[in-house]
Amino acid sequence: MTDPHAIPVRATMTLLPMLAAITIVSQFFRTSLGVIAPELIQDLSLSPAILGLANGSFYIALFVAQIPVGILFDRIGTRRTVAWLTGIAVAGALLHAVARNGEELVAARLLLGLGCGGSFMGAVMLSSRWYGGDRLSMVLSWVFSLSQIGTLLAATPLAASADLFGWRWTFAGTAIVTGVTGAVFYLLVRDDPPGRPAPPPSKEGLGEILRGLMAVWKTPHLSRILAVHTFAYASQSTVLGLWGGPYLHDIHGLDGVGRGNVLLAMGAAQIAGILTFGPLDRLFNTRKWLVAAGSACTISVLLALALLKAPPAWLAIGLLVLLCFVTTYSLVIVAHGRSLFPDHLAGRGITTVNLAQVFGCAFLPVATGAIVNAFPNSGAGYAEDAYRLAFGFIALCLALGCVWYIGGPDSKPRRLRDS
């Protein structure tokens, strides 16, 4: 009989690379506006508010998709759901390539968000089926660290491609890559490991589906997970995926490739952070206090960016890179959230938890876009005070979420396995 805690060879050779591939695509689209934002502002006549809405619309679509995606996970399986959604992502990439104004860019980002709506939670769902519960954070750290290749591709390589071919042809190429990735995912991935019976197909009617959702929302302490998860990952994605590029351009005068190099370093810091945080919950046998420590570090870095006036470029860049390292504790929140739900509610449970992250990733770009837009544009960019106030606002939101979270109980991985 298969050891439920063993790492299947097939997962190592097939599942993990395909989970990495599908999340690389999602991560690329999440962060792809940052490095080319100044060019988009010029070519499409975008205001900061519209740019923030375009970035946030990706996450608005993710938010809308989460509950239907969770139901589809439980009813038709993760493999088919994720693979089929990539067709929508292909359409979004093509529309992005031909966008003529801010409205069409927003529409393209909405389609991309819908198309990537099952990628990361699909990775969580499949990893939880193939691996023991106490290994979930570690396995997710492998997948999520590999997914950061998408962030790296959205930095210097995207800047170089945009300079060489133009950002439109670059996004047309990403549409082809996305379609191929979805097709290969469908052909190679299976929902369950060898030797483990698949859960019986769901025959729930609408009433049972709604009762299952109500059971998820009534889960004790769920609100505390949602509070911190709303702003943990979003604090990083808003800076890396949206304001990092314009901040480096407007305040420190970096050109496209220079911005790309910094964003590349930020993406590399994410990989290092994910691999660092991944095994720590098993080592220290706590998830709650890892999340609290990561939140405190993130808030400190954001406050430094907010409070330091005219920092030298090396210090600003160092703080941005450090921010991307310390925010990677959000994968521990995912594992904490998954521990709250029984297997038959796993799909709806983890996508409900992800709603909080997606809401934060939609809210913070729009809110900070309004903050930056309130300051006049001198022609050479926006004032440093606009960015400092945006960084401070992000820190405040995360602090409020963390305060509510730490009042809840811990989730101890080793106790989960021993029980």
Side-chain angles (χ1 to χ4, degrees), residues 7-8 11-32 34 82 116 118-128 130-158 177 181 185 189 229 232-237 239-241 244 261-284 287 290-291 293-295 297-298 301 320-338 350 353-354 357 361 413:
I7 307 235
T12 304
M13 302 302 294
T14 302
L15 178 65
L16 292 182
M18 289 314 306
L19 292 181
I22 207 75
T23 53
I24 285 169
V25 170
S26 178
Q27 197 67 33
F28 173 86
F29 288 130
R30 287 175 188 232
T31 56
S32 58
V82 172
C116 297
S119 300
F120 276 90
M121 289 305 98
V124 175
M125 188 73 172
L126 290 169
S127 296
S128 67
W130 281 70
Y131 295 89
D134 68 321
R135 286 186 169 91
L136 183 56
S137 290
M138 183 177 67
V139 173
L140 290 179
S141 74
W142 299 343
V143 175
F144 289 3
S145 63
L146 289 170
S147 78
Q148 298 311 310
I149 294 172
T151 302
L152 302 182
L153 292 173
T156 304
L158 174 57
V177 173
T181 303
F185 185 93
V189 170
H229 204 37
Y233 176 79
S235 61
Q236 171 263 114
S237 70
V239 176
L240 174 61
N261 289 336
V262 175
L263 297 180
L264 189 69
M266 293 167 72
Q270 276 190 297
I271 295 174
I274 290 169
L275 292 173
T276 299
F277 273 99
L280 289 183
D281 64 341
R282 296 181 74 202
L283 178 63
F284 294 107
R287 287 175 175 144
L290 280 178
V291 171
S295 296
C297 292
T298 302
V301 175
L320 291 172
V321 172
L322 180 59
L323 177 71
C324 288
F325 178 85
V326 297
T327 51
T328 51
Y329 67 92
S330 58
L331 69 92
V332 182
I333 305 174
V334 173
H336 192 168
R338 173 62 185 91
I350 62 174
V353 169
N354 199 45
Q357 180 192 94
C361 289

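Bear in mind that the values here come from a model prediction, so they are computed numbers and not experimental data. Each residue takes its place number in the sequence, starting with 1.
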Working to the nearest 0.5 angstrom, can you tell me the gap between [X] [atom1] and [Y] [atom2]?
| X | Y | atom1 | atom2 | value |
| --- | --- | --- | --- | --- |
| L323 | Q236 | CG | CD | 7.0 Å |
| F120 | Q357 | CZ | CD | 8.0 Å |
| M121 | L126 | CE | CG | 11.5 Å |
| C324 | L240 | SG | CG | 4.5 Å |
| L275 | L280 | CG | CG | 11.0 Å |
| I149 | L153 | CD1 | CG | 7.0 Å |

Taking side chain to side chain donor-acceptor pair (under 3.5 Å) as the definition, give me every residue that meets it alongside [X], ordered by chain and number, with sequence neighbours left out.
| X | answer |
| --- | --- |
| S32 | R109 |
| S145 | none |
| S295 | Y329 |
| S26 | R30 |

Once side-chain contact (heavy atoms from CB on, under 4.5 Å) is applied, do any residues pair with [X], and if so which ones, sequence neighbours excluded?
| X | result |
| --- | --- |
| A21 | M18, T181 |
| S237 | Y59, Y233, A234, C361 |
| V262 | L248, L254, M266, I317 |
| F325 | A269, A272, T276 |

Between T151 and F28, is the side chain to side chain contact (heavy atoms under 4.5 Å, CB included) condition met? List the steps.
CA-CA 5 Å; T151 302; F28 173 86; over 6 Å; no
Report yes if the side chains of V25 and S119 come closer than 4.5 Å at any heavy-atom pair, otherwise no.
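Contact flag for V25/S119 side chains = no.
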Any side-chain heavy atom of V353 sitting closer than 4.5 Å to one from H229?
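In contact.
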Dump the intermediate steps for side chain to side chain contact (heavy atoms under 4.5 Å, CB included) on Q148 and I274, then the final yes or no.
CA-CA 9 Å; Q148 298 311 310; I274 290 169; 3.7 Å; yes
Qualifying residue, where the test is side-chain contact (heavy atoms from CB on, under 4.5 Å) with T327 and the options are T298, V301, L322:
T298
Could you report the tightest heavy-atom contact between [X] and [Y], atom names first, then the distance?
| X | Y | value |
| --- | --- | --- |
| S147 | T23 | CB-OG1, 3.2 Å |
| A232 | I333 | CB-CD1, 3.6 Å |
| L264 | L152 | O-CD2, 3.3 Å |
| V143 | A20 | CG1-N, 4.3 Å |

What verdict does the side chain to side chain contact (heavy atoms under 4.5 Å, CB included) test give for L19 and F144, after you've listed the backbone C-alpha separation in whole Å, the side-chain angles of each residue and the deciding distance to 0.1 Å?
CA-CA 9 Å; L19 292 181; F144 289 3; over 6 Å; no
Step by step, would you call I22 with V82 a side chain to side chain contact (heavy atoms under 4.5 Å, CB included)?
CA-CA 8 Å; I22 207 75; V82 172; 3.7 Å; yes
Does T31 reach the main-chain N or O of Q27 with its side chain, forming a donor-acceptor pair under 3.5 Å?
yes
In chain order, what residues pass the ring-ring contact (aromatic ring centres under 6.0 Å, His included) check against F29, with sequence neighbours excluded?
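Applying ring-ring contact (aromatic ring centres under 6.0 Å, His included) to F29 gives none.
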